[in-house]
**Student:** 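Okay, handing you the structure first.
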2 protein chains.
Amino acid sequence: MTFVDQSIKILKKNKYKITGPRMAVLNVLEEAKIPLSAYDIEEHVPEHIPINVVTIYRVLDVFETLNIIHKVHTKEGYVRCDFELQKGCHSFAICNKCGRADEFLQEKCDLKSTLPKKLAYKSLSHISELSGLCEQCA
Amino acid sequence: MTFVDQSIKILKKNKYKITGPRMAVLNVLEEAKIPLSAYDIEEHVPEHIPINVVTIYRVLDVFETLNIIHKVHTKEGYVRCDFELQKGCHSFAICNKCGRADEFLQEKCDLKSTLPKKLAYKSLSHISELSGLCEQCA
DNA sequence: TTATAAATGCAATAATATTTTATTTGAATT
DNA sequence: AATTCAAATAAAATATTATTGCATTTATAA
């Protein structure tokens, strides 16, 4: 099942409408290898169906909530979720040279357990981003 | 040894000058519990010694290079380094309510080892940010 | 097919960040 | 204490990322 199909399924399941802007953003992110900003996405959308950037931000908000996409904070951009991965810790390996971002799973994630006892946080979520050089750029 | 003194020591060791703007930024960050943007810092600097925001960005760049401060990417802000911690993985626990950010050490950090073999990245650095509620806000 | 909640468009604005060029200054040296 | 100059800063313009409020349109359930 493709990324787009899987995403549509998730949208419907959660009572969100299938709209033009949402489909356009899904199609752009399906192909992207590097994190794209809302403005990047605006440029990649086919010229005959222009979308307001504000709309793109709102679409991205919904997609993030549904875990259809993830925000790569160190790059201020968004990438599609890799549905092949199981639910768990969504982490990214990011290439400093070409910008490529690969999602990967931390099967045995111990981040929460490393939080010192004296920091009594009720933790809800976390993100790990690793910067380096991908195979091609190394 | 205070954060400011330790920072001065590191600046001198690396042949950077001790200047007004650098001292002002150090003094602001020494007290801050939450990540501050360059513009936040500009507002916190004493009124009788205004600093250009561009200068603050450049000061922050140097400080980041020297690991005197860290950027909290999920908040687009900067916090002082906690020199009490040993060198290693600088991670943050961030409160979603009050914004507080506590640096903590992952003694046995396994992030790099969780990167799948097929992603042949040469990893250089990484950041982990955990969002939740601190003891006061929980 | 129609009613309506949800989604979008538009305009304005805020917040964060960078580039270029000219000027000033910290501190090493004399 | 005066001199010197690489290093640091200021200023102005511009780029990039993000949000808010309100009017209008649309996807879909009934």
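We name chains A, B, ... by the order of the sequence lines, and we start the count at 1 in each one.
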**Student:** Mind calculating the distance between CD (B/Glu42) and P (C/dA17) to the nearest angstrom?
**Tutor:**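 To the nearest whole Å, that distance equals 13 Å.
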**Student:** Quick one: does A/Asp5's side chain have a donor or acceptor within less than 3.5 Å of a partner on A/Met1's backbone?
**Tutor:**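 No; judged by distance alone, with no hydrogens or angles, the pair does not exist.
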**Student:** Please figure out whether A/Asn52 or A/Val62 has its closest DNA chain C nucleotide nearer the 5' end.
**Tutor:**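 Here A/Val62 is the residue nearer the 5' end.
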**Student:** Given that A/Thr19 and B/Ala38 both sit by DNA chain C, which one's nearest nucleotide is further toward the 5' end?
**Tutor:**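 In this pair, the answer is A/Thr19.
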**Student:** To the nearest Å, give me how far apart CD (B/Glu43) and P (C/dA14) are.
**Tutor:**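 These atoms are roughly 13 Å apart.
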**Student:** Do you see a donor-acceptor pair shorter than 3.5 Å between the side chains of B/Tyr78 and B/Asp40?
**Tutor:**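 Absent: no donor and acceptor within the cut-off.
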**Student:** Walk me through whether A/Phe3 and A/Phe83 qualify under ring pair (Phe, Tyr, Trp, His ring centres under 6.0 Å).
**Tutor:** CA-CA 7 Å; A/Phe3 165 71; A/Phe83 290 125; 5.8 Å; yes
**Student:** Round to a whole Å and report the spacing from CD1 of A/Ile56 to P of C/dC10.
**Tutor:**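 Rounding to the nearest Å, CD1 of A/Ile56 and P of C/dC10 are 13 Å apart.
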**Student:** Please give, in whole Å, the distance from C/dT16 P to B/Leu36 CG?
**Tutor:**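 Rounded to whole Å, this separation is 11 Å.
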**Student:** OH of A/Tyr57 versus C1' of C/dA15: gap in Å, rounded?
**Tutor:**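 Result: 11 Å.
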**Student:** What nucleotide among C/dA5, C/dA27, C/dT16 has an atom nearest to a side-chain atom of B/Ile18?
**Tutor:**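 For B/Ile18, the side-chain atoms sit closest to C/dA27.
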**Student:** Do B/Ser37 and B/Glu76 have side-chain atoms, one donor and one acceptor, less than 3.5 Å apart?
**Tutor:**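 Their side chains do not contain a donor-acceptor pair, so the 3.5 Å distance test is not met.
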**Student:** Give a yes or no on whether a donor-acceptor pair under 3.5 Å exists between the nucleobase atoms of C/dG9, that is its base, and the side chain of A/Arg58.
**Tutor:**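 For A/Arg58, whose side chain was compared with the base of C/dG9, there is a donor-acceptor pair (under 3.5 Å).
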**Student:** Measure CD/A/Glu76 against P/C/dA17 and give the value in whole Å, please.
**Tutor:**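 Whole-Å distance recorded here is 7 Å.
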**Student:** Can you get from B/Val25 to B/Ile8 by hopping between Ile, Leu, Val, Met, Phe, Trp and Tyr side chains that sit under 4.5 Å apart?
**Tutor:**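 Per the 4.5 Å side-chain linkage, B/Val25 and B/Ile8 are co-clustered.
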**Student:** Grab the CD1-P distance between A/Ile49 and C/dA7 for me, whole Å please.
**Tutor:**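 After rounding, the gap between these two atoms is 19 Å.
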**Student:** Take B/Lys17 and A/Tyr16, find for each the nucleotide of DNA chain D with the closest heavy atom, and name the residue whose nucleotide sits nearer the 5' end.
**Tutor:**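 Taking each residue's closest nucleotide, the earlier one in sequence belongs to B/Lys17.
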**Student:** Between C/dT16, C/dT18, C/dT8, which nucleotide has the shortest distance from any of its atoms to the side chain of B/Val54?
**Tutor:**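 It is C/dT18.
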**Student:** Ignoring hydrogens and angles, state whether a donor on the side chain of A/Glu103 or A/His70 is under 3.5 Å from an acceptor on the partner side chain.
**Tutor:**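 Distance-only check passes for A/Glu103 and A/His70.
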**Student:** Look at all strands and tell whether A/Lys71 reaches a base, only sugar-phosphate, or nothing, counting heavy atoms closer than 4.0 Å.
**Tutor:**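 Sugar-phosphate, backbone atoms only, no base.
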**Student:** With no hydrogens and no angle check, is any side-chain donor or acceptor of A/Arg22 less than 3.5 Å from a backbone partner on A/Lys17?
**Tutor:**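 Side chain of A/Arg22 to backbone of A/Lys17: a pair is present.
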**Student:** In whole Å, what is the span from the OH atom of B/Tyr39 to the C1' atom of C/dT16?
**Tutor:**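 Nearest whole value for this atom pair: 6 Å.
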**Student:** For a 4.0 angstrom threshold against heavy atoms of chain A, report the outermost contacting nucleotides of DNA chain D in 5' to 3' order.
**Tutor:**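 Contacts span D/dT17 to D/dT28, reading 5' to 3'.
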